[in-house]
Amino acid sequence: MQVTVEKPEQGLEHKITVTFPSDDLNGQIEKRLNEIRRTIRMDGFRPGKVPLNVVKKRHGAQVKQEIMGEQVQQKFYDAVTQEDLKVAGYPMFDELDDKDGQITFTARFETYPEIELPEFSGVKVEKITAEVTDKDVDSMIERLREQRTAWKPSKSAAKKAKKGEQVIIDFVGKLDGEVFEGGSAENVPLELGSGRMIPGFEDGIIGMKKGEEKTIEVTFPEEYQSEELKGKTATFDITVHSISTKTLPEIDEEFVKSFGIEEGTEEALRNEIKENMQKELARAIESKNRTAVLDALEQVVDVQLPKALVDQEVQNLMNSMIQNMQQQGMKPEDVNISADHFQSDAEKRVKLGLIMGDIIRANNIQASDDAVNAFIEEQASSYEDPSQVIDWYKKNPQAMNEIKAIVVENAVAEKILSEAKVKEVKKSFDEVIGQAA
């Protein structure tokens, strides 16, 4: 096999010319035709007895094309291995010549770039630190109480509706004195101040009493979804049937046990909540610090990106978004996304992938079984039956590969953080979790 490589003065695209004897090709074509001959069925011949020249006449061209394609692919990868070239993406085959017992083809392809890794001591990273305080636990307990809010109707006829209270109302909407479609409803629960209704509607009910009727005037926003109502001023006849005030549950034994905490005490609830918050916070900090390290690394390393890899990543990102949108109920024909939308993210992901790959190889970083198992067990600890979650991961190769990738990324981030110029930034639980969400 003769191989000639043309390397670029700039860029990553190489051109390779490969020449090899066609003897092997002819032998493989003959072998494939004999295999077809043994199984083919043809009128006038018993199975396996069709003459080879008949099989060759009918299937020879197709078989030659298939074998030629397989051979060219194989010889290409043999050639780049011989020349120690690392191919990025897929090659483009330009020319193919079969004559005088020789097959010659040319192909264009990009190679992986050579990356000059920096000294990690020159990388600047902001590292987040945070802790769960008693105040954070108090806030979380309040949120849990609010999730179980009950509305207690007022018995007082003099009670006036206030912001934050719930009213049960009937309303009839009119344009120029005429009732319009979709503008009326009965026994509607509405929390005043929630912003569910158009501007001015809820404000007009504040101060009304149980049994009171009132007509309010409001103007529909210019961006309202109904063309007939955009910017129009309407009146609504309002009738208030009841006014209710929020009541939060007490932190008693029943409330605590409703979260599966059998001790039933406030102390046990606080301990359980704090432990869960600490786990959530630790995961968020790890994720954000890992991202900060990779972002800092991306800024200090120059990489020439193979277009083939970027195009491939653009397609992956686009396919993923289309799939998500279809799962949310969109029809395939309604999904209209441009590849340009993903270009920047694709370039960043490819760049980081190349840099990470070099760091991993240079430092022989691997995801050990112990590290993978520890990560899975930590993730599973938040579930009611951790063993079931662990078992699911063990039986799901794709999920296991994703975990291994995270473990390796964490190891890379830890190594860089151990050598980099690190500035610690203290944040609150809500700041970290809010940003993570």
Side-chain angles (χ1 to χ4, degrees), residues 6-16 80 85-93 107-120 122-128 284 286-327 335-363 365 367 398 401-417 419-421 435-437:
E6 297 178 32
K7 297 183 179 181
E9 292 184 11
Q10 291 184 334
L12 301 171
E13 186 174 272
H14 290 55
K15 182 178 179 180
I16 195 168
V80 294
L85 297 169
K86 297 178 175 61
V87 179
Y90 299 103
M92 296 289 291
F93 294 96
R108 289 175 293 115
F109 58 94
E110 291 178 292
T111 57
Y112 281 91
E114 291 186 10
I115 299 174
E116 187 175 342
L117 293 175
E119 293 292 332
F120 296 148
V123 178
K124 298 178 181 179
V125 182
E126 285 194 353
K127 180 182 178 182
I128 292 174
E286 183 180 63
S287 174
K288 292 188 71 61
N289 285 339
R290 180 175 68 242
T291 299
V293 168
L294 298 182
D295 286 347
L297 193 61
E298 187 210 1
Q299 296 300 315
V300 298
V301 182
D302 275 335
V303 181
Q304 202 168 12
L305 302 181
K307 183 177 182 300
L309 296 185
V310 174
D311 290 346
Q312 188 176 325
E313 189 60 31
V314 165
Q315 193 62 50
N316 291 339
L317 291 171
M318 188 160 63
N319 290 343
S320 178
M321 178 168 280
I322 289 172
Q323 186 178 13
N324 289 339
M325 293 172 75
Q326 289 177 351
Q327 287 174 350
V335 178
N336 185 20
I337 302 175
S338 167
D340 294 341
H341 177 77
F342 304 95
Q343 187 71 23
S344 178
D345 284 346
E347 290 175 356
K348 181 175 181 179
R349 287 165 71 107
V350 170
K351 182 178 180 180
L352 282 174
L354 294 172
I355 297 170
M356 289 278 288
D358 269 31
I359 294 174
I360 290 165
R361 284 188 292 273
N363 296 276
I365 296 174
Q398 183 177 347
N401 287 335
E402 289 173 359
I403 295 298
K404 289 176 182 178
I406 293 173
V407 169
V408 168
E409 282 188 5
N410 286 340
V412 171
E414 287 171 10
K415 175 170 181 57
I416 295 171
L417 280 172
E419 301 176 24
K421 295 177 182 176
Q435 291 171 353

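Both backbone and side-chain heavy atoms feed into the values below; hydrogens, waters and symmetry mates do not.
In terms of heavy atoms, V293 sits closest to A413 at CG1-CA, 4.0 Å. Taking all atoms of both residues into account, the shortest heavy-atom contact from Q304 to P113 is O-CG, 3.2 Å. Considering all non-hydrogen atoms of both residues, G89 and L309 come closest at N-CD2, 3.7 Å. In plain terms, the two heavy atoms of A367 and V407 that are nearest each other are CB-CG1, 4.0 Å. Across all non-hydrogen atoms, the minimal contact from A296 to K124 is CB-O, 3.4 Å. The two atoms that bring V125 and A420 nearest to each other are CG2-CB, 4.3 Å, heavy atoms only.
Among pairs with a residue in residues 350-360, those fulfilling salt bridge (charged side-chain N to carboxylate O under 4.0 Å, His left out) read D358-R361, at least two apart in sequence or across chains. Residue pairs that meet the salt bridge (charged side-chain N to carboxylate O under 4.0 Å, His left out) test with at least one member in residues 292-302, sequence neighbours left out, are D295-K348.
A side-chain donor-acceptor contact under 3.5 Å links E110 to the backbone of A308. Remark: the backbone N or O of K127 is not paired with any side-chain donor or acceptor of N289 at under 3.5 angstrom. For the pair S320 (side chain) and N316 (backbone), a donor-acceptor distance under 3.5 Å is absent.
Shown here is R349, whose CZ atom has no more than 12 heavy atoms of other residues, nucleotides or ligands within 6.0 Å. Atom CD of E114 has 12 or fewer neighbouring heavy atoms from other residues, nucleotides or ligands inside a 6.0 Å radius.
With rounding to the nearest 0.5 Å, the separation of CD in Q326 from CE in M321 is 12.5 Å. How far NZ of K86 is from CG of L12: 13.5 Å, rounded to the nearest 0.5 Å. A distance of 4.0 Å separates CD1 in I359 from CZ in F120, rounded to the nearest 0.5 Å. Note that CZ of F109 is 9.0 Å distant from CD of E13, once rounded to the nearest 0.5 Å. To the nearest 0.5 Å, atoms NZ (K415) and CD1 (I365) are separated by 7.0 Å. Note: M318 CE to D340 CG = 9.5 Å, rounded to the nearest 0.5 Å.
Side chains of E313 and D345 form no contact here, defined as non-hydrogen atoms less than 4.5 Å apart. Between P8 and H14, the closest side-chain pair of non-hydrogen atoms falls below 4.5 Å. Between L294 and M356, some side-chain heavy-atom pair lies under the 4.5 Å cut-off.
Residues meeting the side chain to side chain donor-acceptor pair (under 3.5 Å) test with K307, sequence neighbours left out: D311. Under the salt bridge (charged side-chain N to carboxylate O under 4.0 Å, His left out) criterion, E414 pairs with no residue at all, not counting sequence neighbours. Partners of Q312 according to the side chain to side chain donor-acceptor pair (under 3.5 Å) rule, which considers only residues two or more places apart in sequence or in another chain, do not exist here. For K7, the salt bridge (charged side-chain N to carboxylate O under 4.0 Å, His left out) test picks out no residue, with sequence neighbours left out.
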Are L354 and V301 close enough, and set up right, to give a side chain to side chain contact (heavy atoms under 4.5 Å, CB included), and what steps lead you there? CA-CA 11 Å; L354 294 172; V301 182; over 6 Å; no

